[in-house]
Amino acid sequence: MLTALYTSTGKAIESVGIRQAEGSGMRKHLIVCLIAGGIGGAPAFAHHGTSVTYQTDKTITLTGTVTEFSFSYPHPQLYFDVKDADGNIQHWGSEFAPTPLMMKQMNVGWARDTIKTGDTITITCNPHRVPGSTACLAKELIVNGKKLTVGPGRPPAQGPPAQGKE
Amino acid sequence: MRQRFLLSVILAGVFSPILIAQTAPTEKPAKAKDKSGAFDPHDLSGKWNRVSPFQSYSNVPGGANELQAYLLGQAPAPQKLDVETAEAPFTPEGKAKFDKNIPSYGRRITAPMLGNDPQAMCDPWGVPRMLNGQVAGPHATIEIVQLPDRMFTFSQWHHDYRMVWTDGRPLPKLEDVEPRWNGYSVGKWEGDTFVVNSVGFDDRTWLDHNGYPHTDQMRLEERYRRLDADTLELVMTITDPQYYSKPFRSDTKIWKLDREGGKAWDEQIYCVPSEEFKFNKLIRDGGVGKEQRP
């Protein structure tokens with residue numbers, strides 16, 4: 001019997017099959033199958049409920065001005081202001097799935113001081129599941145014209161590292 | 001005072017080889033050898049990275065996560081993980097409590113805004129959850145420091161530590177102690193197995209990230225063995241008859257000694273309320289009012 005315990009709406013699908021072992025009462029076998037694809041191969045990484053918080057099959061692109069960047073654990077946080085079509089300012093927040101150490105091990109090539117308050121950014125991210133929210137999961141960033149790798153599952157950054165240190 | 005104490009602990013870690021030489025099991029075994037080199041089976045000190053698959057307290061369904069190497073770009077996406085699992089031996093009261101605990105991990109994964117994982121408020125994890133090393137690599141680590149009269153285990157995640165007295169004092173009676181986050185622990189060597197017994201735990205903690213509960217009457221036994229120079233084994237058993245109908249054994253936790261990582265600077269991964277609460281409000285909860293949440 002294959003029971004889908006959780007299926008995100010994204011291309012990352014986690015399903016769990018449980019089969020009863022012969023004559024073993026409570027004992028079961030667990031088969032975890034993971035099929036990952038799409039942008040960044042984004043997995044259903046159950047770190048703090050990320051996969052059930054964001055619509056991982058959708059992306060939005062926003063351009064705005066950085067108000068705060070916190071290179072914090074467990075998730076770096078980026079806050080920025082976006083001007084809508086009517087000229088109103090919306091305050092947005094975005095998290096990065098990998099921790100600072102994970103980003104370092106993925107050789108993303110940038111870190112804490114790469115993003116500064118006042119920088120102009122274009123961010124591609126998975127929108128939050130709550131309608132009307134102003135939060136998203138960062139996938140790609142362009143900061144002052146320079147493209148930065150964010151998400152897990154991406155190959156190490158090519159070329160010279162962006163400005164910044166761990 | 002607290003800073004002085006912490007400094008002394010850190011210094012003890014730096015000079016642990018010297019102190020370990022003074023550690024006093026009454027009859028120290030001869031040093032064993034294996035292909036990794038000489039090691040003292042009564043020396044558990046060092047930084048250890050969990051390699052066993054379960055991030056849950058026990059081998060419960062949905063307790064594994066094989067994604068960490070993939071997340072680090074070190075391996076392709078895992079296709080299949082086939083491991084034996086078993087559900088906890090709940091009492092009806094234990095199952096009811098479990099159902100009230102709403103995690104953001106595992107088979108009952110729920111968006112944090114709708115869950116009640118105590119770590120979202122930066123509450124301490126408690127010992128069982130700390131020892132699960134539940135966070136994905138490179139954060140699935142513990143560090144052990146042995147002193148002549150006690151042992152410390154540090155959890156880099158949440159930057160917490162617990163202490164085990166090894167000076168021969170008895171385990172306090174449950175009725176004599178006030179519950180604390182990390183309880184009261186004493187340890188002794190039984191052959192090459194280091195056995196730790198604990199009581200007096202605060203019942204607000206979960207056994208793991210899947211929301212398995214315990215009462216403040218829980219008794220915890222930990223059995224550690226250094227299998228070789230680079231391998232540490234731990235099996236935990238809790239006895240908590242109000243929530244579990246029989247002793248509830250963990251899966252066998254295996255760690256590998258991180259020789260290089262053990263020399264790295266301390267990451268100091270605190271859960272900082274000012275950061276976490278802002279994050280919860282403006283990002284994880286969508287930056288919207290409660291009335292807009294599902």
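Numbered from 1 within each chain, the chains take letters A, B, ... in sequence-line order. Given the structure is predicted, the values throughout are model-derived calculations rather than measurements.
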Fill in the blank from the handout: Output for pair (B/D285 CG, A/H128 NE2), nearest 0.5 Å, gives 6.5 Å

Practice task
For the pair A/V130 and B/M113, evaluate side-chain contact (heavy atoms from CB on, under 4.5 Å) and give the outcome as yes or no after the intermediate values.
Solution key: CA-CA 10 Å; A/V130 174; B/M113 74 172 77; 3.4 Å; yes

Problem - Over 12 foreign heavy atoms within 6.0 Å of NZ, B/K47 - result: yes

Problem - Those residues that, when tested against B/K253, pass salt bridge (charged side-chain N to carboxylate O under 4.0 Å, His left out) (two or more places apart) - result: B/D251

Handout entry: Where B/G286 and A/S133 come nearest, the two heavy atoms and their spacing
Key = O-CB, 3.0 Å

Practice task
Tell me the residues of residues 76-85 of chain A whose non-hydrogen atoms fall below 4.5 Å from those of chain B, in number order.
Solution key: A/Q77, A/Y79

Practice task
Could you list the residues that satisfy salt bridge (charged side-chain N to carboxylate O under 4.0 Å, His left out) with B/R204, not counting sequence neighbours?
Solution key: B/D202

Completion exercise
Rounding to 0.5 Å, atoms CH2 (A/W92) and CD1 (B/I283) come to a distance of 11.5 Å

Exercise for the section: Against chain B, label A/T134 side chain, backbone, both or neither, depending on which of its atoms sit under 4.5 Å from a heavy atom there. Expected result: both

Fill in the blank from the handout: Heavy-atom nearest pair, B/T110 first then A/V52, reads C-CG2, 3.6 Å

Fill in the blank from the handout: Taken to the nearest 0.5 Å, the spacing of B/E276 CD from A/S72 OG works out to 8.5 Å

Problem - Partners passing salt bridge (charged side-chain N to carboxylate O under 4.0 Å, His left out) against B/K95 (at least two apart in sequence or in another chain) - result: B/D99

Practice task
Report the distance from atom CD of B/Q156 to atom CG of A/L101, rounding to the nearest 0.5 Å.
Solution key: 9.5 Å

Exercise for the section: State the OH-OH distance between B/Y270 and A/Y73, to the nearest 0.5 angstrom. Expected result: 13.5 Å

Exercise for the section: Below 4.5 Å from any heavy atom of chain B, which atoms of A/E68 appear? Answer side chain, backbone, both or neither. Expected result: side chain

